[in-house]
Amino acid sequence: MGEGYQEKLRRLAELLLSANYPMALTGAGISTESGIPDFRSPGTGLWEKIDPFKELSRSALMRNPARFYEIGLPRFRQIRSAEPNPAHLVLAELEAHGYLKGIVTQNIDGLHIKAGSKNVFEVHGHLRTCSCMRCGKEDSFDFLVDLVESGVNPPLCRFCQEGVLRPNVVLFHDPMPRAFYDAAETLQYCDFLMVIGSSLQVYPVAYLPARVEKLAIINISPTPYDSKALVVIREKAGKVFSDLWEVLRQKGKV
Ligand code: APR
């Protein structure tokens, strides 16, 4: 790692320690080291294999729910079996030590919560529960998975016996959930935002970094916000946050 990297790491630590209300905005890139492919990395991104707008959108679910689950269930299962990696774990420790006020995540994998983070805004939903598209009743996502795996596809609501169940994730063409508006509201207090593992190409989440005074970007590939950021580190998140933790330890901060 060149001098450039160490210097950037020191700058990142300085910005974090001097911020009044530091937060993080994470995307699929923070979970690739947990074994979950992201969406747009060349060669491995999920969207190179299937067309999300066709296969995993709200209209696809309404049009052909059985096919939606044929395509989606393997990915949902892969996501649910993943474990947090050092980047998730260090972010949880930073919050526990008072150096991070909250995380806005586009990820539905729940890995920030599994890692111990408390103030997490899941702006694209999560895979813990599902809901009936007819009567609106909620159920556990495990129930949905068990149904489909036992051959009941599409999975039907056990309360009204008729409605098709849908995951409580934000699909293309879905409205944004309450968590998105809560995140936008909280970001008004944020004076330093670390963007971690997101290509920042999907709106409205990609509007959020524009509202923050100071930005740091930890992302392997370029993003539209790089020129606005005070520091851009083109390294794996797991490495950057393990090294950042070491810098804070040497400063006697953790
Ligand atoms: N460390 C740092 N960056 C990484 C790593 C890593 N280990 N692995 C991948 N990246 C970077 C990639 O270079 C890419 O720029 O993370 C970024 C992930 O970008 P996307 O795949 O576009 O994921 P994301 O930004 O979360 O997508 C936003 O799009 O399809 C929708 O709803 C879906 O929430 C998703 C949204």
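No experiment lies behind these values; they were computed from the predicted model shown. FYI, side chains are in, hydrogens and waters are out, and symmetry mates aren't considered; it's all heavy atoms of this structure. The chain is numbered in sequence order, starting from 1. Just follow the structure's listing: the first ligand is 1, and inside any ligand the first atom is 1.
- Nearest heavy-atom pair, Val123 versus Gln106, reported as atom, atom and distance to 0.1 Å: CG2-CA, 4.1 Å.
- Here Asn219 has heavy atoms under 4.0 Å from ligand 1 in both its backbone and its side chain.
- When the heavy atoms of Ser221, Ala237, Gly238 are ranked by distance to atom 14 (C) of ligand 1, first place goes to Ser221.
- With a 4.0 Å heavy-atom cut-off, ligand 1 is reached by the side chain of Thr32 but not by its N, CA, C or O.
- With Lys101 contributing its side chain and Tyr99 its backbone, the two residues share no donor-acceptor pair below 3.5 Å.
- Between Ile218 and ligand 1, a contact under 3.5 Å exists for no N or O pair.
- The closest non-hydrogen atom to atom 18 (C) of ligand 1, taken over Gly27, Pro222, Gly197, comes from Gly197.
- Here the side chain of Asp139 pairs no donor or acceptor atom with the backbone of Cys130 at under 3.5 angstrom.
- The only member of His126, Glu138, Arg128 that meets side-chain hydrogen bond (donor to acceptor under 3.5 Å, both in side chains) when paired with Asn168 is Glu138.
- With ligand atoms numbered from 1 in the order given, ligand 1 contributes 21 (O), 23 (O), 27 (O), 30 (O), 33 (C), 35 (C) to contacts under 4.0 Å with heavy atoms of Phe39.
- Looking only at side-chain heavy atoms (C-beta outward), Lys236 and Ile220 come within less than 4.5 Å of each other.
- The main-chain N or O of Val148 is never found under 3.5 Å from a side-chain atom of Asn153 such that the two would form a donor-acceptor pair.
- Contacts of Arg40 with ligand 1, taken as heavy-atom pairs under 4.0 Å, involve both backbone and side chain.
- Of the possible donor and acceptor atoms, one in the side chain of Arg80 sits under 3.5 Å from a partner among the backbone N and O of Leu127.
- Both the backbone and the side chain of Gln106 come within 4.0 Å of ligand 1, judged by heavy-atom distances.
- By the 4.0 Å heavy-atom criterion, His124 is counted among the residues contacting ligand 1.
- Between the CG atom in Asn107 and the NE2 atom in His112 there is a gap of 5.5 Å [rounded to 0.5 Å].
- Against a heavy-atom cut-off of under 4.0 Å, Ala28 is close to the following atoms of ligand 1: 23 (O), 24 (P), 26 (O).
- Applying the 4.0 Å criterion to heavy atoms of Glu235 picks out, from ligand 1, the atoms 1 (N), 2 (C).
- Between Phe172 and ligand 1, no pair of N/O atoms sits closer than 3.5 Å.
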